[in-house]
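Taking it in order: structure first as structure tokens, then the write-up.
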Amino acid sequence: MKFPTLKNDRYLKALLKQDTDTTPVWIMRQAGRYLPEYRATRKQAGSFLDLCKNPELACEVTLQPLRRFDLDAAILFSDILTIPDAMNLGLYFSEGEGPKFQHPIRTQADINKLFVPDPSDSLRYVTDAVTLIRQELDGLVPLIGFSGSPWTLATYMIEGGSSKDYHHSKGMLYENPAALHQILDITAQSVVSYLNAQIEAGAQSLMIFDTWGGVLAPEAYTEFSLRYMQQIVEQLNTQHAGQTIPVTLFTKGGGQWIELIANTGCNGVGLDWTISIDEARKRVGDKVALQGNLDPNVLYASADTIRQHVKQIIDKFGNHNGHVFNLGHGIHQTVNPDNLKVLVDAVHEFGREIRK
């Protein structure tokens with residue numbers, strides 16, 4: 001399919017460590033509950049899951065933040081749990097409790113029922129949304145596709161939802177590692193198939209969210225999380241239609257492992273707010289681009305304070321190629337949207353200044 005020519009490519013250039021006129025910025029969860037227009041569209045959809053599974057409405061909420069803010073990328077509106085949902089685990093959302101599964105994976109019999117979903121079948125609504133969003137963007141900015149990491153997906157699949165102690169999944173890790181590897185292998189194959197389908201549908205960059213990688217001990221992280229993300233990176237079709245599709249890996253709480261993450265072959269490493277970006281750059285050098293990493297709670301502060309913290313991160317990264325500005329995790333639902341505009345405009349202002 002032929003898509004319109006890209007007008008603003010600074011986000012892709014930054015991930016490929018090329019020159020940009022200023023620092024590009026996008027925000028994790030930029031399409032979300034902090035926007036009144038998103039809340040109205042979600043109400044129209046009937047539920048969060050119905051919103052995700054309606055390509056037209058998913059397209060609408062993806063584009064909403066771009067109408068308000070001068071962002072340098074759009075990110076597909078979806079959920080990280082689409083893959084286990086397509087595995088027939090019975091995903092549902094309880095008000096105030098987050099995602100849950102009717103059929104958690106606890107036994108070998110449960111594991112034996114797992115399969116790699118066909119993206120053109122049970123996940124077709126995602127690829128349809130990608131294509132529609134790409135068309136509707138009309139070349140304004142690049143579109144980011146994404147998936148959860150195998151370990152993060154596995155925690156939800158095994159626990160049956162969110163967890164504070166991960167006692168089922170970490171218990172399996174230590175007591176029956178072969179069973180966990182079986183789950184992770186099937187999940188990794190599913191992520192590869194899913195992300196390659198997003199590339200075919202029009203995604204111009206990919207993110208892998210390893211939200212719960214930081215709960216692991218160092219040896220467990222490399223064996224049960226990083227190993228599978230590297231496997232995915234190696235199997236993605238990142239050369240497509242004459243373009244490079246950059247891949248960013250983000251492990252929340254993973255600052256201690258950024259050198260290992262950078263060695264996977266990814267283009268960018270996402271940072272949360274618990275590591276200083278200048279320290280991160282000293283440790284990985286020019287090997288990869290860095291994405292991050294403002295504490296999301298700074299957005300509750302005054303405009304002057306937000307600008308001060310934005311400038312601090314840009315100054316710490318310095319006049320180097322390879323910085324994509326972002327929060328260290330998703331924007332909170334109670335943030336005033338006007339404060340995000342302050343942040344986005346400040347990133348571009350200070351990013352231009354440092355390049356003079």
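Side chains are part of it too, since the values below use all heavy atoms of this structure and drop only hydrogens, waters and symmetry mates.
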Give the minimum heavy-atom separation between [X] and [Y], together with the two atoms involved.
| X | Y | value |
| --- | --- | --- |
| Pro142 | Tyr11 | CG-CD2, 4.0 Å |
| Ile105 | Met172 | O-CE, 4.1 Å |
| Cys52 | Ala58 | O-CB, 4.3 Å |
| Ile354 | Gly351 | CG2-O, 3.4 Å |
| Phe115 | Ser190 | O-OG, 4.0 Å |
| Pro296 | Gly328 | CD-N, 4.3 Å |

Residue among [options] satisfying side-chain hydrogen bond (donor to acceptor under 3.5 Å, both in side chains) with [X]:
| X | options | value |
| --- | --- | --- |
| Asp185 | His181, Gln182, Gln189 | Gln189 |
| Lys341 | Asn339, Asp338, Asp345 | Asp345 |
| Thr251 | Thr152, Asp210, Asp272 | Asp210 |
| Glu37 | Gln64, Arg68, Arg42 | Arg68 |

Assess, by modelled atom type and distance only, whether the side chains of [X] and [Y] contain a donor and an acceptor separated by less than 3.5 Å.
| X | Y | answer |
| --- | --- | --- |
| Glu259 | Asn263 | no |
| Gln333 | Arg29 | no |
| Asp295 | His309 | no |
| Thr244 | Gln239 | yes |
| Thr82 | Asp79 | no |
| Trp151 | Tyr221 | no |
| Tyr125 | Ser78 | no |

Plane angle bin for His320 and Phe317 - parallel if under 30°, tilted between 30 and 60°, otherwise perpendicular: perpendicular

In terms of the angle between their ring planes, are Trp212 and Tyr166 parallel, tilted or perpendicular, with boundaries placed at 30° and 60°? tilted

From CA spacing to verdict: side chain to side chain donor-acceptor pair (under 3.5 Å), Gln108, Asn112: CA-CA 6 Å; Gln108 187 61 47; Asn112 293 342; 3.0 Å; yes

Mind running salt bridge (Lys or Arg N to Asp or Glu O under 4.0 Å) on Glu60 and Arg67 for me, showing each step along the way? CA-CA 11 Å; Glu60 166 60 21; Arg67 297 178 189 134; 2.9 Å; yes

Is the number of heavy atoms from other residues, nucleotides or ligands within 6.0 Å of [atom1] ([X]) greater than 12?
| X | atom1 | value |
| --- | --- | --- |
| Arg106 | CZ | yes |
| Arg33 | CZ | no |
| Lys164 | NZ | no |
| Lys13 | NZ | no |
| Gln243 | CD | no |
| Glu175 | CD | no |

Does the side chain of [Y] come within less than 4.5 Å of [X]'s, by heavy atoms?
| X | Y | value |
| --- | --- | --- |
| Val116 | Ile186 | yes |
| Ile27 | Leu343 | yes |
| Met87 | Pro117 | yes |

Take Asp286 and Lys17 through the test salt bridge (Lys or Arg N to Asp or Glu O under 4.0 Å) and record every step on the way to the result. CA-CA 8 Å; Asp286 294 320; Lys17 301 185 297 297; over 6 Å; no

Could you go step by step and tell me if Lys252 and Phe209 meet the side chain to side chain contact (heavy atoms under 4.5 Å, CB included) rule? CA-CA 8 Å; Lys252 186 170 180 278; Phe209 290 97; over 6 Å; no

Could you walk me through whether Glu349 and Arg307 pass the salt bridge (Lys or Arg N to Asp or Glu O under 4.0 Å) test, one step at a time? CA-CA 10 Å; Glu349 176 187 340; Arg307 285 172 55 80; 2.8 Å; yes

Val324 and side-chain contact (heavy atoms from CB on, under 4.5 Å): which partner among Leu290, Leu15, Leu12? Leu15

Side-chain heavy atoms under 4.5 angstrom apart, residues restricted to Ile, Leu, Val, Met, Phe, Trp, Tyr: same cluster for Leu143 and Leu132? no

